[in-house]
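Both counts, for ligands and for their atoms, begin at 1 and track the order of listing.
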Amino acid sequence: MKRYPMYVNGEFVASESGKWFPVYDPSTEEVIAEVADGNAADVDRGVAAARAAFDTGGWPQTTAVERGRVLLRLAEKIRQNTAALAELECRNSGKPIVEAEFDIADAAACFEYYGGLANKIMGHVNPVPDNAISLSMKEPVGVAGQIIPWNYPLLMAAWKLAPALAAGCCCVLKPAEQTPLTVLTLAEWLAEAGVPPGVVNIITGFGETAGAPIVAHPGVDKVAFTGSVEVGKRIMRSASDTLKRVTLELGGKSPNIFFADADFEAAVDGALFGVFINQGEVCSAGSRILVERSIYKKMVEAMSEKAKKIRLGPPLERATKMGPLVSKEQCERVIAYLEVGKREAKVAAGGGRAKQFGRGYYVEPTIFYDVDNGARIAREEIFGPVAAVIPFDNEAQAIRVANDTPYGLAAAVWSRDIFKAFRMVKALRVGVVWVNHMQPTFVEAPWGGYKQSGFGRELGPWGIEEYLETKQVHINLNEQPMGWY
Ligand code: NAP
Ligand code: MG
């Protein structure tokens, strides 16, 4: 059994506690590795290393082009190792191998993008009404604490590390307890790529014991978190004690909205893809499917027919379209929601655990219909392969129902009428809107939520802004004393 230590100050180390915790393959329920069980003392070590790298180690003073080259080397290293990383991600998270390959490619693209952006961070000359030169300069925010979830393990690490390093920040990152293996593999290449000791520290462990101390630590300047709303709220409360900068990428209950004039075949595919990709373990999952009444019945039937044929199976098999859920705990959570759903609505497809495999946390792709938007399965994030289909009668009602949620991460609209589609784009209170598609995500475009889906934006130039402070500089050009006194 392979043991994975943590990565602190450029070295692989055990936890100060000497404890290890098991990591599983959710398709076999077997332990595949042991990982260092980090605690507050380990966080102290990681933060001390990051502080030293930032304050005296010279990372913020490296030239931007040098930092960019480091990131490009990491992108290249990820690309060269795509097959191994994808297989490890697939085994550890349960996601289908084909999707894992997309994720690894996206992680490489993220390092590449920020490698290119590092030397394009620019300040401004401010047109002040004075005989002076007024500048605004961009500087790194300092030490970033970064806490990520299990649904896109290496990709979420890339979204956090790449912009921070490009900006000149140093990082203390905690992967999810369920899926720490790929980012620990990345750690093996950091030194070779030119990341000095202390600039990136990976502290593995649990939320309460390794995550919370990062958020509370006075040596951390900023916290970037992706995960549940509940933990996001706790993080914000805890970070307020030291007034850390906080960015939160939280969950959603995103509406996927189908008008009668949409291409029907594309609509059926888009509805299923929107909610069943990655087993539905997606923050932007289109888990509320709003369908115009005139095509409602036909759409529920067509979706259900297709959903019943979705190929569940071992994640390493290339034909597999849905693997197991990430963990026993997540599987039990989702199954509990299926029971809630059966009391609240009608079942068109699925509705239980997929038992044909004998082992593994497989859940059937499930479609509930005639769902009231006030039902729990329409309001709460399930984070599994569960769709709630809701009929609507007109555009105004579609907008009302779509926005009637505490969340605001994403939405999609399907229609051939561009006027209607664009009216919807403007009316939806969300951070991401897709038209005639759902889920494609690009490093060049901003990602983040409205309302209780969090705040701050990742990706693109917006992503790097979150790791920068703005300094005002005023240069007086009058050579004489002011003559005020
Ligand atoms: P979570 O508890 O929000 O975990 C996300 C990350 O935060 C993990 O690394 C977690 O550590 C850490 N964490 C937990 N408690 C913490 C604390 N008090 N202080 C600092 N860090 C803490 O999510 P989860 O347990 O993995 O999943 C639960 C639910 O969250 C899901 O069913 C889903 O609804 C939602 N979720 C949303 C997203 C998203 O992208 N929006 C992603 C994952 C999950 P541990 O690994 O030890 O928990
Ligand atoms: Mg958790």
Side-chain angles (χ1 to χ4, degrees), residues 21-24 26 35-40 43 92-93 95 103 145-153 155-157 159-160 172-181 183 202-217 220 223-239 241 244 246-254 277-285 287 325-337 361 363 376-377 379-386 406-410 431-432 439 441 447-449 451-456 458:
F21 67 92
V23 165
Y24 298 86
V35 176
D37 189 354
N39 59 24
V43 170
N92 188 188
S93 71
K95 69 173 64 209
D103 294 358
Q146 305 177 314
I147 298 175
I148 57 172
W150 41 258
N151 54 343
Y152 290 93
L155 185 58
M156 290 299 103
W159 284 24
K160 296 283 182 277
V172 179
L173 179 135
K174 190 196 90 64
E177 82 205 44
Q178 296 86 349
T179 55
L181 302 185
V183 72
I202 314 281
I203 308 289
T204 48
F206 295 83
E208 292 288 339
T209 43
I214 294 175
V215 181
H217 205 294
V220 172
V223 174
F225 170 76
T226 299
S228 61
V229 165
E230 185 197 327
V231 174
K233 289 178 182 173
R234 293 174 63 176
I235 284 180
M236 203 166 153
R237 276 194 291 270
S238 165
D241 286 339
K244 291 181 175 63
V246 176
T247 45
L248 302 172
E249 301 281 344
L250 309 177
K253 197 73 197 179
S254 297
I277 188 80
N278 205 45
Q279 300 75 241
E281 296 166 320
V282 181
C283 51
S284 56
S287 50
L325 299 189
V326 72
S327 64
K328 181 164 187 278
E329 186 189 10
Q330 190 63 12
C331 184
E332 285 167 358
R333 247 180 73 100
V334 172
I335 296 293
Y337 271 112
Y361 307 119
V363 173
R376 282 185 64 197
I377 57 164
R379 299 207 80 77
E380 297 172 21
E381 183 176 49
I382 298 175
F383 228 67
V386 186
Y407 293 109
L409 183 54
V432 181
Q439 302 308 355
T441 301
W447 183 266
K451 295 155 74 177
Q452 290 193 32
S453 291
F455 46 80
E458 296 195 278

Every pair of nitrogen or oxygen atoms between ligand 1 and the protein that is under 3.5 angstrom apart - can you list them with their distances to 0.1 Å?
unit_1   : atom_1 : unit_2 : atom_2 : d
ligand 1 : 3 (O)  : Ser228 : N      : 2.8
ligand 1 : 3 (O)  : Ser228 : OG     : 2.6
ligand 1 : 9 (O)  : Ile148 : O      : 2.9
ligand 1 : 9 (O)  : Lys174 : NZ     : 3.1
ligand 1 : 11 (O) : Lys174 : NZ     : 3.0
ligand 1 : 11 (O) : Gly207 : N      : 3.3
ligand 1 : 19 (N) : Ala212 : N      : 3.4
ligand 1 : 26 (O) : Trp150 : NE1    : 2.4
ligand 1 : 32 (O) : Gln330 : OE1    : 3.4
ligand 1 : 32 (O) : Gln330 : NE2    : 3.2
ligand 1 : 32 (O) : Arg333 : NE     : 3.1
ligand 1 : 32 (O) : Arg333 : NH2    : 3.0
ligand 1 : 34 (O) : Glu381 : OE1    : 3.0
ligand 1 : 41 (N) : Gly227 : O      : 3.3
ligand 1 : 41 (N) : Leu250 : O      : 3.2
ligand 1 : 46 (O) : Glu177 : N      : 2.8
ligand 1 : 46 (O) : Glu177 : OE1    : 3.2
ligand 1 : 47 (O) : Glu177 : OE1    : 2.3
ligand 1 : 47 (O) : Gly207 : N      : 2.7
ligand 1 : 48 (O) : Glu177 : OE1    : 3.1

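By the 6.0 Å and 45° rule, Lys174 does not stack over the aromatic ring of Phe225.
The side-chain contact (heavy atoms from CB on, under 4.5 Å) test applied to Glu230 returns Ser228, not counting sequence neighbours. Remark: Ser453 engages Tyr407, Leu409 in a side-chain contact (heavy atoms from CB on, under 4.5 Å) (not counting sequence neighbours). For Pro213, the side-chain contact (heavy atoms from CB on, under 4.5 Å) test picks out Ala40, Val43, with sequence neighbours left out.
Salt-bridge formation is detected for the pair Glu208/Arg234: a Lys NZ or Arg NE/NH1/NH2 atom is positioned less than 4.0 Å from an Asp or Glu carboxylate oxygen.
A pairwise comparison of heavy atoms in Gln279 and Leu325 identifies CB-CD2, 3.6 Å as the closest pair.
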